[in-house]
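First the structure, in the form of structure tokens, and then the observations on it.
All of these numbers come straight from a predicted model, not from anything done at the bench.
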Amino acid sequence: MTDSVVAAVRPRRVGGLVPVVVAIAASWGVAIVATSTGAAPRFHHDPLIEGSLPPWVALPLFLLAWQTMTASMMLPSSLPLVRLFFLTARDQPHAASVKVAFIAGYAAVWSAFGAVAFLGDIGIHRVVHAAAWLDQHPWLITGPTLMLAGAFQFSDVKQACLKQCRHPAAFLLPRYRRGPRAAFRLGREHGLYCLGCCWALMLVGFAAGVANLWGMAALTAVMVVEKAVPRGDRIVAPVGVALLGWGALVTIQPPWLLALGSGT
């Protein structure tokens with residue numbers, strides 16, 4: 001096990017990573033097309049919740065859009081580990097199935113998070129509708145959400161999970177086993193660390209939705225730098241400060257911010 005992983009760390013040609021890169025590019029393509037054609041808002045959680053569709057129909061439709069966001073935003077930051085695993089697993093029997101199982105385990109974690117976020121948002125909508133005052137002040141939900149994401153940047157959980165994500169070889173060496181079932185478990189475990197590292201940032205992405213391409217791009221860049229760029233963990237604190245400040249401004253709604261939003 002150890003020898004195969006160590007051998008995979010050595011520079012070698014990576015052909016098997018091409019489908020993952022294509023999937024990332026295709027996801028961004030779908031997001032761009034959906035936004036340019038005006039179709040993206042239909043898959044945002046707000047219209048799906050407020051619409052006439054029952055939850056058991058609205059949830060799968062949302063998860064389709066969520067998978068696009070996961071592939072476009074999260075997979076780029078996980079490419080170092082995906083590359084290392086694909087290199088290590090390519091000599092296994094049924095290597096293609098092993099690779100698919102690994103990605104499936106990773107996707108299962110983020111799909112579960114998306115489903116929980118969607119169902120939780122249904123509860124928030126019900127609370128907002130029951131409280132007319134809160135319905136008239138939606139920024140009192142948006143602002144604290146941003147501040148929560150900012151505060152999480154300074155948490156021990158963030159640091160512990162980020163450490164696992166930033167060192168693919170150290171993560172893979174003690175956990176690597178052969179076979180699709182083991183690959184699924186490994187992908188799921190990596191997904192859990194990835195979730196522990198980035199759930200708050202993806203919660204901001206959840207609020208913005210697939211229609212906000214600039215927001216998606218900015219969050220993707222932050223997560224890629226944090227997880228995959230040398231010394232990228234140095235931006236964790238500045239991003240936290242920025243989110244805390246942004247959330248505070250949204251919450252208190254200063255006059256200049258209102259004027260900026262109205263274009264006056």
Side-chain angles (χ1 to χ4, degrees), residues 8-9 13-35 40 63-89 99-100 102-114 117 149 152-153 158 161-172 183 186-236 238-239 243:
V9 177
R13 184 177 177 182
V14 188
L17 201 61
V18 172
V20 178
V21 176
V22 169
I24 294 171
S27 297
W28 278 104
V30 169
I32 292 171
V33 170
T35 302
L63 287 178
L64 286 175
W66 182 251
Q67 291 293 348
T68 299
M69 291 186 67
T70 300
S72 57
M73 297 176 67
M74 294 310 310
L75 269 183
S77 67
S78 292
L79 279 178
L81 179 60
V82 174
R83 172 185 177 273
L84 182 58
F85 177 80
F86 278 20
L87 279 170
T88 306
K99 295 173 183 179
V100 170
F102 177 81
I103 296 297
Y106 181 82
V109 172
W110 282 105
S111 296
F113 175 75
F152 184 74
Q153 292 288 102
K158 170 80 176 189
C161 292
L162 182 60
K163 182 178 179 180
Q164 293 290 336
C165 292
R166 285 186 56 81
H167 299 91
F171 173 84
L172 190 60
L186 185 63
R188 182 182 60 195
E189 186 171 357
H190 172 58
L192 288 171
Y193 279 116
C194 192
L195 177 66
C197 175
C198 300
W199 71 268
L201 293 174
M202 282 299 285
L203 191 63
V204 175
F206 171 85
V210 72
N212 193 329
L213 289 177
W214 288 113
M216 287 177 59
L219 289 169
T220 302
V222 167
M223 291 185 286
V224 168
V225 172
E226 283 187 351
K227 294 172 60 181
V229 173
R231 299 183 180 179
D233 52 340
R234 293 183 177 183
I235 75 164
V236 171
V239 169
L243 288 169

_Can you tell me how far apart OG1 (Thr35) and CH2 (Trp214) are? Round to the nearest 0.5 Å._
12.0 Å
*Calculate, to the nearest 0.5 Å, the distance between atoms CZ and OH belonging to Phe102 and Tyr106 respectively.*
8.5 Å
*Check each of Lys227, Arg166, Gln164 against Cys197 using the side-chain contact (heavy atoms from CB on, under 4.5 Å) test, and report the only one that passes.*
Lys227
*Would you check if Leu84 and Thr88 make a side-chain contact, meaning some heavy-atom pair closer than 4.5 Å?*
yes
*asked:* What I'd like to find out is whether the side chain of Ile235 reaches to under 4.5 Å of the side chain of Val229, using heavy atoms alone.
replied: no
_Trp28 side chain vs Ala217 backbone, donor-acceptor pair below 3.5 Å_ = no
*In Å, rounded to the nearest 0.5 Å, how long is the span from CE of Met202 to CE of Met216?*
8.0 Å
_Rounded to the nearest 0.5 Å, what separates atom CZ in Phe113 from atom SG in Cys198?_
10.0 Å
*Looking at Ala149 and Val204, what are the two nearest heavy atoms and their distance?*
CB-CG2, 3.7 Å
_Minimum heavy-atom distance Leu213-Ala31, with the two atoms named_ = CD2-CB, 3.7 Å
Please tabulate, for the side chains in residues 186-193, all donor-acceptor contacts under 3.5 angstrom to protein atoms that are two or more places apart in sequence or on a different chain.
unit_1 : atom_1 : unit_2 : atom_2 : d
Glu189 : OE2    : Arg175 : NE     : 2.7
His190 : NE2    : Ser78  : OG     : 3.1

*asked:* A side-chain contact here means heavy atoms from C-beta on lying under 4.5 Å apart; do Leu79 and Val224 qualify?
replied: no
_Phe86 vs Ile103 side-chain heavy atoms within contact, under 4.5 Å_ = yes
*Taking all non-hydrogen atoms of both residues into account, name the closest pair between Lys163 and His167 and its distance.*
O-ND1, 2.9 Å
*Nearest 0.5 Å please: distance from the CD1 atom of Ile24 over to the CE atom of Met74.*
11.0 Å
*Can you name the closest pair of heavy atoms from Pro76 and Ala71 and give their distance?*
CD-O, 3.5 Å
*Do you know which of Ser72, Ser111, Ser27 makes side-chain hydrogen bond (donor to acceptor under 3.5 Å, both in side chains) with Gln67?*
Ser111
*Does Trp199 reach the side chain of Phe152, with side-chain heavy atoms less than 4.5 Å apart?*
yes
